[in-house]
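Proteins get letters first, then strands, A, B, ... in listed order; numbering begins at 1 in each.
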Amino acid sequence: MGVLLFLIPVTFGLALCGLGAFLWTIKNKQYDDIEGSANRILFDNEGKEDNFSDKKRK
Amino acid sequence: MGGSDFCCFGCEAAFSIINKIGLGSYYSYRKLDPNVRKIKPDNQDQIDLHSFIKKCQDDKNEILLAIDGIHCAACVWLIETILLKQENIISARVNLSKKYLKIKWFGAEENCQKYINLISEIGYKLFPFDENILLQEERKYNNDLVKCLAVSGFAAGNIMLFSIILWFYDQQEIGHAMKVFMQFFSSLIALPAIIYSSRPFFKSAFVALKNKSGNMDVPIAVAIFLASLVSLIQAFNQAKHVYFDSAIMLVFFLLIGRYLDFKARKKAFDLAREFTLINSSYARLVNEEGLIKIIASKDIKRGMKILILAGDKVAADGIIIQGQAEFDSSIVNGETVPKLFSFNQNIFAGMINISSPVVISVTKEQDESLIAEIAKIVDDAQAQKNSYVRIADRLARIYTPAVHIAALFTFIFWFYVMQSGLENSVLNAIAILVITCPCALALAVPITQTLTISSLLKRGVLAKSGDALESVNDIDIFVFDKTGTITFGNPVVVDFSCINRKLDFEEEDFYKKLAASICQYSKHPFSKAISLFYEQIKLNLDVTEHPSMGLSSSYKGHEVKIGSATFLEINDKNNNILLNKIYLKYKDDIILFSLKDELKKDAKFLIEYLQKLNKRIVLLSGDSKDIVINIANKVGIKEYYFEHNLMQKSIFIKDLKKQNHKILMVGDGINDAASLNLADISISFIAASELSKNTADIIVQGQNLSPIIDFLNISKRSMNIIKQNLLIALCYNIIAIPFAFMGYVSPLVAAFAMSSSSILVVLNSIKILSYKNLYK
């Protein structure tokens with residue numbers, strides 16, 4: 001049973017990371033265009049990487 | 001793909017442009033219903049873009065453009081790829097959900113017009129808009145609700161891990177230290193999560209209390225607060241029960257309901273924003289030389305002369321200096337009947353010109369008129385939370401005191417009558433508050449509504465307001481407009497014949513081709529009908545248009561004339577008023593095209609369906625007597641009115657309303673807008689005039705009438721389900737209260753009762769999705 005005292009905070013910490021990641025995706029506007037992004041993965045980039053990378057999106 | 005596969009010139013032209021620049025793969029990305037998509041290769045007014053372009057560092061420019069006519073991923077791909085093939089473009093990115101395009105480029109500002117023209121050429125309309133509108137929207141809906149939902153869901157899940165252990169094992173099995181640790185850890189997770197994610201309820205409850213009224217959020221807030229407080233005290237006292245799991249789960253479930261409700265209304269907001277962006281972000285400036293230039297609304301200065309055409313929305317407050325016109329001012333002052341404004345009268349931003357062109361002199365700059373208007377539309381949409389929510393709030397006004405009195409009574413009973421001690425008595429009283437918290441009640445309405453709206457959307461019906469879904473059961477009169485509603489609204493060729501002799505097949509083909517080739521140059525509806533009638537290969541001809549007479553041209557050295565009987569100097573004896581006759585004269589042959597506004601295919605089906613329900617059906621048209629009678633007989637409507645103008649139509653609806661009738665009105669024209677506004681439920685079509693689309697509660701995509709039947713059935717079903725849901729929620733409370741009163745409610749029972757009633761409500765609501773279409 002004693003091991004739980006250690007494991008519970010560890011699992012909780014991991015879960016907290018997941019929550020943090022989700023909140024970050026919201027802040028990063030990744031849900032701004034749900035329809036568009038879903039279809040975008042099917043496009044061929046045809047050499048214009050710039051437009052599709054997150055770097056230029058901000 | 002061959003030449004005959006196109007629905008119209010627009011597509012064919014687009015196809016050739018697309019192929020020429022090597023983007024043929026567009027067609028493999030495309031997936032859309034050609035009946036829904038309306039292609040508009042109209043000439044786009046040149047808008048002065050200067051004020052919309054944002055200068056960034058390093059000689060970079062940026063602009064935001066709202067897109068009209070974008071539907072699927074192929075549109076996104078096409079627009080982006082075409083732009084990216086241009087020189088100097090840094091990035092071009094379409095947001096499909098919000099329907100706007102952001103372009104960044106190097107160098108001259110003027111290039112922007114070139115990019116816009118390129119996109120307009122393939123049939124999308126672009127409208128520049130101010131970034132502030134997006135920012136404003138983001139500030140208002142900054143995903144706060146989603147964040148609350150995420151935090152509460154996370155906390156609920158983690159606390160449940162401990163709760164399950166605490167529920168099912170007693171202290172001897174897990175040890176005292178472990179139990180204390182788990183309770184402590186639960187509170188550590190729960191308290192911050194509850195404080196963070198229950199803000200929406202506390203805010204709303206606080207506002208309600210400040211206004212000295214109650215809403216559902218008041219008992220919710222009280223229950224959350226007390227459950228957390230007591231659990232915290234219990235945890236410190238190392239007592240048996242903590243309610244953190246119930247409290248956080250309560251917050252989580254309620255937030256789901258809140259989010260669904262919000263999503264349904266956001267849809268209406270997005271729609272309102274699209275309409276507003278596309279309709280009113282520019283104005284026609286008349287300069288000193290009398291020339292007209294399109295400028296952005298925000299660049300309007302005091303003293304400028306602005307031309308307002310019929311259908312235009314007034315961009316700034318001003319005084320009429322030339323002409324007179326009727327204006328719809330419902331957005332400004334709520335008046336539904338339009339008024340005539342003439343010389344020297346003031347008109348205000350947001351009014352819509354519905355009759356003839358006027359020139360105004362601007363008296364007030366309206367920098368923020370657009371934003372102000374959007375805000376107004378949004379606020380309206382929010383104020384229009386449907387009547388059932390309001391009934392739920394009214395219920396809350398009885399519910400809240402009732403619950404609190406029950407809790408007080410429980411405390412008094414246990415403390416004074418049973419003498420069971422302060423702690424136990426308080427606990428039982430709080431159990432009442434926790435278990436009666438209207439969790440299922442708060443989920444009952446939004447879940448059903450969200451499912452209804454999405455189910456309607458799948459059938460091509462867009463519900464803009466929840467009110468419309470609610471009143472459907474009470475409707476007893478259905479009012480239909482004729483042109484564009486029961487009929488297609490534009491004439492089609494129904495007959496083709498030669499008057500003086502019999503043509504062989506090849507000659508017939510030649511005349512059809514000739515007529516279509518000439519007519520393609522005119523925008524008159526009759527010309528459009530003829531050019532659509534035969535549209536394969538079109539000849540290149542020089543065509544002259546004689547306004548309200550006809551068209552003339554020459555082919556192989558002979559004159560060709562096409563137009564009315566008077567234009568061709570033909571004496572037509574057989575005068576059938578129901579048909580529009582267009583003649584073509586070439587050499588000695590006279591060809592007759594008979595045109596007619598046809599009934600929609602499912603018009604009769606809809607009318608028969610409504611007649612079976614014993615509803616009163618009215619045809620209300622501005623058209624002339626004979627045509628209205630003819631159409632009424634054809635679809636089987638007994639009650640019809642003809643030659644009714646906008647005023648008479650709205651007076652007719654008003655009179656019906658005075659007799660306490662509930663009215664559903666279907667219409668598409670500008671002259672229907674006022675009546676649509678008056679009706680209890682108003683339905684319009686996606687291709688209808690902007691004015692009536694703005695007014696209508698329900699917008700049907702495409703031209704078919706049968707989605708109206710789906711709308712009626714689905715919303716009726718939805719109403720029944722909402723009633724069932726409220727009943728389920730109420731039953732649950734009636735059963736739960738005695739248990740809580742007796743002190744049998746442990747955290748386990750509370751959690752179980754709460755989630756089971758919520759799940760029951762959700763499952764019951766899902767029934768709405770099983771609806772099958774009646775008309776194929």
Open item on the list: Measuring only between side-chain heavy atoms, which start at C-beta, is A:I8 closer than 4.5 Å to B:F181?
Closed with: yes
Nearest heavy atoms of [X] and [Y], plus distance in Å:
X: A:P9; Y: B:F185; value: CA-CZ, 4.1 Å
X: B:V94; Y: A:R40; value: O-NH2, 2.9 Å
X: A:L19; Y: B:A150; value: CD1-O, 3.6 Å

- [ ] Just do the side-chain contact (heavy atoms from CB on, under 4.5 Å) check on A:N39 and B:V76 with the steps written out, would you?
- [x] CA-CA 9 Å; A:N39 287 301; B:V76 174; over 6 Å; no
Task: Under 4.5 Å from any heavy atom of chain A - which part of B:N158 - done: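 Just its side chain gets close to chain A.
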- [ ] Give a yes or no on this: more than 12 heavy atoms of other residues, nucleotides or ligands lie within 6.0 Å of atom CZ of B:F184.
- [x] no
Task: Heavy atoms of other groups near A:K27 NZ, more than 12 under 6.0 Å - done: no
Open item on the list: What verdict does the side-chain contact (heavy atoms from CB on, under 4.5 Å) test give for B:L188 and A:F12, after you've listed the backbone C-alpha separation in whole Å, the side-chain angles of each residue and the deciding distance to 0.1 Å?
Closed with: CA-CA 11 Å; B:L188 199 70; A:F12 181 69; 5.9 Å; no
